[in-house]
Structure formats: structure tokens, C-alpha cells
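The block underneath contains the structure these notes are about, expressed in C-alpha cells.
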Amino acid sequence: MPELPEVEVIRRELVPQLVGQIVDDVEIHWSKSFVDQSSDKITGKTILDINRMGKYLVIVLSAGYLVVHLRMTGQLMFAGGMPENKKHIRIILRMRSGKYLIYFDSRKFGRLIHADRLNGVLKNTGIDALSPELSVIMFQQMLKNHNRMVKSFLMDQRQIAGLGNIYVDESLFRAKIHPQTITHIIPERKIYLLFESIRETLLHSIKNMGTTISDYKTVGGGFGGHQRFLQVYGRGDKPCFVCGTPIRKIRMNNRGTHFCPKCQPLRKKRQ
DNA sequence: CTAATCACCTGAAGGC
DNA sequence: TGCCTTCAGGTGATTA
């Protein structure tokens with residue numbers, strides 16, 4: 001479900017509510033959802049800050065971290081009491097204030113990881129897609145150093161972290177690059193365009209509180225609004241908003257991949 | 001190094 | 001209604 005913009009929206013909502021709270025108790029309803037690899041107990045720890053690394057939410061405790069990955073269907077809710085709908089609750093963190101941080105996850109893919117250090121947990125996470133340290137020069141170098149299809153490169157969290165299936169398809173459409181283009185043949189001006197397209201797509205979605213296709217909800221239970229602006233994702237066979245050609249949907253790495261065959265022609269050689 | 005497949009899970013939607 | 005298949009915002013392990 002959530003990619004960088006959704007996780008960032010959740011982070012921003014959570015910070016004012018959660019910072020300063022003290023963990024009093026952890027209730028585990030599905031054991032695989034909570035991975036405790038810390039030598040210390042989480043009870044009694046104060047929440048100092050919440051950061052984001054790619055699609056990970058990093059809750060900084062007075063000692064150690066609670067790292068959250070929502071995968072496909074994870075949801076967080078912060079409330080003064082238990083919600084009416086208790087379905088799919090996997091973890092409940094009760095705070096000393098009497099409030100609760102509740103983790104829902106219908107598909108049980110997501111994880112809350114309690115760890116002393118971030119090194120191990122984030123070892124496969126590359127530079128964040130919105131990091132100010134990710135320069136267009138560095139992005140260009142990364143693309144030139146790989147010989148693979150640009151969509152699968154952008155989906156690879158070890159390279160650039162935060163993009164998922166929706167925003168990769170949207171960014172490639174915006175940059176007019178076919179998802180199967182091999183990274184190292186993309187001309188320089190297209191690399192610049194792609195770099196900007198990724199930033200604009202992600203920032204625009206954050207402004208709209210993320211994209212709700214089915215499960216994603218903000219911490220307050222609201223829906224995102226960015227689905228109104230999707231150009232290709234979920235629009236297979238529908239006319240391209242730019243040229244009217246039917247959007248094509250194919251499978252790449254077992255993921256639905258959407259693009260406009262006219263706006264994003266496949267080039268096999270450097271132009 | 002890259003690609004393909006499966007595994008982890010549940011629920012919604014469509015065909016018959 | 002019900003059964004069956006396919007699909008879904010993600011990632012990690014394994015095999016080719």
C-alpha cells in the first residue's frame with residue numbers, strides 16, 4: 001500500500017501526537033507483526049522523534065528504535081480508546097497517558113521492529129528519493145552503472161528508497177520514458193527530466209495527502225486525494241490524457257506496469 | 001549483475 | 001449463492 005508520500009503523510013501526522021508519549025505496554029495479536037531484536041524492553045521508553053527512510057517509519061525512543069514498515073496493508077491509528085472496528089488489529093501499544101497506538105494489517109505483511117540500532121534493519125535501504133543529498137549527478141551515475149530496465153531499477157529499494165509501483169509508473173510517464181528502457185542508454189537530458197519528474201510526483205502526492213486505492217488511510221482515518229491525479233496507474237485501456245492512445249498494461253517483475261505506448265516509446269539505442 | 005518465480009497473507013472482484 | 005481464479009500499494013529468498 002504505502003509508498004514514500006503515504007509514509008511521509010503518516011509521519012507528519014504522528015509527530016505532534018506521539019512525541020513525548022511513554023510506552024507502557026505492548027499487546028501482540030499476531031506474533032510475526034512484532035519483531036523484537038532489542039536487548040532492552042520497550043516498556044518505559046519515551047518517544048523522542050519520528051523520521052522516515054524510504055518507506056520505513058523510524059520511531060526514535062529514549063533508547064533504541066521502533067521501525068515500522070507497512071508493506072501492503074499496514075495502518076497506524078493513534079486514539080484515546082479502542083476503535084469500534086477491531087478487525088485486523090495486530091499490535092497495540094498502550095501509552096502511559098492512556099492513549100493507544102494501534103497497528104492494523106489485514107495481509108500481515110508489515111512489521112514493527114524493535115531494535116537497538118538502525119544498521120541491521122535498514123541495511124538494504126538506499127538513499128531516500130527526496131534526500132537533499134541525492135543529486136542529479138549521483139542519480140545519473142547510478143543509472144549509468146546499471147544495465148537493467150529502468151522500472152525495476154527504480155523499484156529497487158537498495159538503490160533509491162521510497163518509490164513503489166504507483167509512483168514509478170507515474171514518474172516514468174511524466175518523463176516520457178518507457179519502463180523497459182535500459183538504464184545506461186537513457187540520454188542525459190532524459191535523466192534530468194526523470195529526476196525532476198520523480199521529485200514533482202512525490203511532492204505533489206504529499207500535498208494531496210497520498211494516494212488511496214483501497215486500504216491506505218491517514219492516521220486520523222482520512223483518505224488520500226492524489227488518486228484524482230494519476231495519469232497511468234490503474235488506467236489500462238483508458239485513453240492517455242495527453243494523446244488519447246489507450247494506456248497499455250503489461251507485467252514486469254510480476255507487477256502491473258502502466259504506460260502510454262505513444263508518449264513513452266521504447267528506444268533500444270541511445271538517441 | 002539481472003531476471004524470474006515463489007513465499008508470505010487476506011479480501012475484493014469477476015467469470016461461470 | 002458459491003466456487004474458482006486473478007489481482008493488489010512490498011520485499012526477501014532462491015534459482016537460472
Side-chain angles (χ1 to χ4, degrees), chain A residues 1-10 29-35 37 52-57 67-76 85-91 103-113 120-126 129 141-172 179-185 198 201-202 205-206 208-218 223-237 249-258:
Chain A
M1 138 184 130
E3 305 179 32
L4 186 153
E6 291 75 32
V7 178
E8 179 60 20
V9 170
I10 289 168
H29 292 233
W30 180 258
S31 63
K32 286 186 180 175
S33 299
F34 193 82
V35 178
Q37 50 191 49
R52 185 188 54 72
M53 301 281 288
K55 300 172 195 170
Y56 286 95
L57 213 50
V67 181
V68 181
H69 198 303
L70 303 167
R71 293 285 184 100
M72 299 283 265
T73 53
Q75 290 174 22
L76 287 169
N85 184 7
K86 294 185 169 56
K87 212 172 175 194
H88 307 314
I89 291 181
R90 307 304 180 200
I91 307 288
Y103 177 68
F104 297 77
D105 190 355
S106 75
R107 288 180 74 179
K108 303 174 174 171
F109 286 169
R111 297 284 180 266
L112 272 62
I113 304 161
V121 183
L122 301 178
K123 66 178 188 299
N124 289 328
T125 304
Q141 266 321 310
M142 293 172 86
L143 288 169
K144 285 199 189 304
N145 288 339
H146 288 270
N147 182 27
R148 59 192 296 201
M149 292 183 277
V150 64
K151 170 154 180 174
S152 82
F153 172 84
L154 293 174
M155 294 283 286
D156 187 344
Q157 304 298 301
R158 292 169 302 184
Q159 309 299 329
I160 292 168
L163 293 167
N165 209 33
I166 295 179
Y167 298 109
V168 166
D169 284 4
E170 292 297 309
S171 300
L172 288 171
Q180 290 175 317
T181 310
I182 301 299
T183 49
H184 74 260
I185 68 150
I198 290 169
T201 302
L202 295 175
S205 179
I206 292 172
N208 289 298
M209 305 294 282
T211 303
T212 298
I213 301 294
S214 62
D215 300 287
Y216 163 71
K217 284 187 186 137
T218 65
F223 297 112
H226 193 69
Q227 55 282 3
R228 295 194 303 264
F229 300 100
L230 297 179
Q231 303 292 300
V232 288
Y233 182 84
R235 299 197 62 250
D237 298 329
K249 181 177 180 184
I250 62 170
R251 291 216 138 235
M252 273 182 74
N253 309 341
N254 228 14
R255 312 300 301 278
T257 297
H258 316 73

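Lettering of chains follows the sequences in order, A, B, ..., and the numbering in each one begins at 1.
- A tilted orientation is assigned to the rings of A:H226 and A:Y167, their planes being inclined by 30° to 60°.
- Checking side-chain atoms of A:S152 against main-chain N and O of A:M149 turns up a donor-acceptor pair under 3.5 Å.
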Begin with the C-alpha distance, continue with both residues' side-chain angles, and end with the deciding distance and a verdict on side-chain hydrogen bond (donor to acceptor under 3.5 Å, both in side chains) for A:S33 and A:K108. CA-CA 7 Å; A:S33 299; A:K108 303 174 174 171; over 6 Å; no
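- The separation between A:F109 atom CZ and C:dA8 atom P is 13 Å, rounded to whole Å.
- Nucleotides C:dC4 and B:dC9 are separated by 22 Å at their P atoms, to the nearest Å.
- As rounded to whole Å, 18 Å separates atom C1' of C:dG10 from atom CE of A:M53.
- Nearest-nucleotide assignment on DNA chain B puts the 5′-proximal partner with A:Q159, out of A:N254 and A:Q159.
- Between the A:Q157 side chain and the A:M155 main chain, a donor and an acceptor come within less than 3.5 Å of each other.
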How would you summarise protein contacts on nucleotides 11-16 of chain C per nucleotide, using B for base, S for sugar-phosphate only and - for none, with heavy-atom distances below 4.0 Å? BS----
Give the intermediate values and the outcome of salt bridge (Lys or Arg N to Asp or Glu O under 4.0 Å) for residues A:R148 and A:D156. CA-CA 11 Å; A:R148 59 192 296 201; A:D156 187 344; 2.9 Å; yes
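- Looking at heavy-atom distances under 4.0 Å, A:N147 makes contact with sugar-phosphate atoms alone, never a base.
- Not a single donor-acceptor pair under 3.5 Å links the side chain of A:N124 to the backbone N or O of A:R158.
- When ring centroids are compared, A:F104 and A:H88 stay outside the 6.0 Å threshold.
- Rounded to an integer number of Å, the gap from OH of A:Y216 to C1' of C:dG10 is 17 Å.
- B:dT5 and C:dT6 have their P atoms separated by 14 Å, with the value rounded to a whole Å.
- Nucleic acid contact class of A:S152 (heavy atoms, under 4.0 Å, all strands): sugar-phosphate only.
- Counting non-hydrogen atoms of neighbouring residues, nucleotides and ligands closer than 6.0 angstrom, the CZ atom of A:F229 exceeds 12 such neighbours.
- Using a 4.0 Å cutoff on non-hydrogen atoms, no part of residues 223-236 of chain A comes near DNA chain B.
- Between the side chains of A:D215 and A:T73, no donor N or O sits under 3.5 Å from an acceptor N or O.
- For B:dC9, there is no paired nucleotide, since no Watson-Crick or G-U wobble pair has both relevant distances below 3.5 Å.
- For DNA chain B, the outermost nucleotides in 5' to 3' order that have an atom under 4.0 Å from a heavy atom of chain A are B:dT2 to B:dG11.
- Using a distance-only test at 3.5 Å, with no hydrogens or angles considered, no donor-acceptor pair links the side chain of A:H69 to the main chain of A:G110.
- Side-chain contact of A:N165 with A:K151: a donor-acceptor pair under 3.5 Å is present, judged by distance alone.
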